[in-house]
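All remarks here apply to the structure that follows.
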Amino acid sequence: MKIFAIALILGVLFSAARAQEAEKKISRAQLPPEVEKTVARESQGATIKGFASEIEHGQKFYEASLVVNGHTKDILIDRKGNIVEVEEQVTMDSLPASVQDSIKKLAGSGTITVIESLTKTGQLVAYEAHVKHGGKRSEIQVGPNGEKLKHPE
């Protein structure tokens, strides 16, 4: 039993350490020069909320969190300054009717709190809605035309 408890504690500690490694708040001064160039270009006219570095699939990326015209915009940038992914807050009424219908149907009786467009390498791949059911929160993703995705983006 003691061995099981020790193994469990070590597993929890290892998982916590990996989670911290996965995303870490950083300052703008810690951005590599190529990433800083992209941030300077993309943040014109925006309010910068903060920066983070994260490891995904063994690669290091940098995230800039912005507020643009009153809505959030998170930009994931690789070490070379290329924009890999953009999550940008959108309004329900700005979406195509098929997307609105799918999100509302999947949300059911839940309250939709935020909707974001998800763009990867310059192409819209999904819409993601944050839904609240009582005290529980969940996310719904649909494709650019409201279709069910084969896998989460």
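In this text, all values refer to a predicted model and were calculated from it rather than measured experimentally. Each residue takes its place number in the sequence, starting with 1.
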May I ask you to check whether over 12 heavy atoms, not counting those of Lys120, lie within 6.0 Å of atom NZ?
yes
Note, Ser53 side chain near Lys60 side chain (heavy atom, < 4.5 Å):
yes
Tell me whether Met92 is reachable from Leu124 by hopping between hydrophobic residues (I, L, V, M, F, W, Y) whose side-chain heavy atoms are closer than 4.5 Å.
yes
If we only count heavy atoms from C-beta on, is the Val125 to Thr119 side-chain gap below 4.5 Å?
no
Between Ala46 and Val68, which heavy-atom pair has the shortest distance, and what is it?
CB-CG2, 3.7 Å
To the nearest 0.5 Å, what is the distance between CD on Glu85 and CG on Asp78?
12.5 Å
May I ask you to check whether over 12 heavy atoms, not counting those of Arg28, lie within 6.0 Å of atom CZ?
yes
Please determine whether residues Val86 and Phe51 belong to a single hydrophobic cluster, defined as Ile, Leu, Val, Met, Phe, Trp and Tyr linked transitively by side-chain heavy-atom distances below 4.5 Å.
yes
For a side chain to side chain contact (heavy atoms under 4.5 Å, CB included) check, start with the C-alpha distance between Tyr62 and Arg79, then their side-chain angles and the critical distance, and finish with the verdict.
CA-CA 7 Å; Tyr62 298 87; Arg79 292 174 157 255; 4.2 Å; yes
Can you find a heavy atom in the side chain of Leu66 that is under 4.5 Å from one in the side chain of Thr47?
no
Under a single-linkage definition using a 4.5 Å side-chain heavy-atom cutoff for Ile, Leu, Val, Met, Phe, Trp and Tyr, are Val114 and Val67 assigned to the same hydrophobic cluster?
no
Under the rule for side-chain contact (heavy atoms from CB on, under 4.5 Å), what residues qualify as partners of Ser98, not counting sequence neighbours?
Pro96
dist Leu106:CG -> Asp101:CG (nearest 0.5 Å) comes out at 11.0 Å
Roughly how far, to the nearest 0.5 Å, is NE2 of His71 from OG of Ser117?
8.0 Å
Verify same cluster id: Val131, Tyr127 (apolar side-chain graph, 4.5 Å)
yes
Ser43 and Val39 have their tightest heavy-atom pair at OG-O, 2.7 Å
Taking the side chain as every heavy atom from C-beta outward, state whether Glu36 and Pro33 have any pair of such atoms under 4.5 Å apart.
no
Spatial distance of atom NZ (Lys49) from atom CG (Asp74) [nearest 0.5 Å]
6.5 Å
I would like to know whether Glu56 and Val84 meet side chain to side chain contact (heavy atoms under 4.5 Å, CB included); could you show each step before the answer?
CA-CA 12 Å; Glu56 285 187 19; Val84 177; over 6 Å; no
Please examine the side chains of Ser109 and His133, heavy atoms only from C-beta on, and report whether any two atoms are closer than 4.5 Å.
yes
Can you list the residues that meet the side chain to side chain donor-acceptor pair (under 3.5 Å) rule with Lys37, with sequence neighbours excluded?
Glu34
Taking side chain as C-beta onward, heavy atoms only, is Thr91 less than 4.5 Å from Ile115?
no
Answer yes or no: is there a side-chain heavy-atom contact under 4.5 Å between Leu31 and Ile26?
yes
State the NZ-CD distance between Lys25 and Glu54, to the nearest 0.5 angstrom.
10.0 Å
When rounded to the nearest 0.5 angstrom, what distance separates CG in Leu95 from NZ in Lys104?
9.5 Å
Using the rule that Ile, Leu, Val, Met, Phe, Trp and Tyr join whenever any side-chain heavy atoms are under 4.5 Å apart, tell me whether Leu118 and Val90 fall into a single cluster.
no
Please answer whether the main-chain N or O of Thr72 pairs with a side-chain N or O of Gln89 as donor and acceptor at a distance below 3.5 Å.
yes
Answer whether the closest heavy-atom distance between the side chains of Lys73 and Glu42 falls below 4.5 Å.
yes
Using atom types as modelled, flag every donor-acceptor pair under 3.5 Å from a side chain in residues 139-147 to any protein atom, sequence neighbours excluded.
{"from": "Gln141", "atom 1": "OE1", "to": "Glu153", "atom 2": "N", "distance (Å)": "2.7"}
{"from": "Gln141", "atom 1": "NE2", "to": "Glu128", "atom 2": "OE1", "distance (Å)": "2.8"}
{"from": "Glu147", "atom 1": "OE1", "to": "Asn145", "atom 2": "N", "distance (Å)": "2.9"}

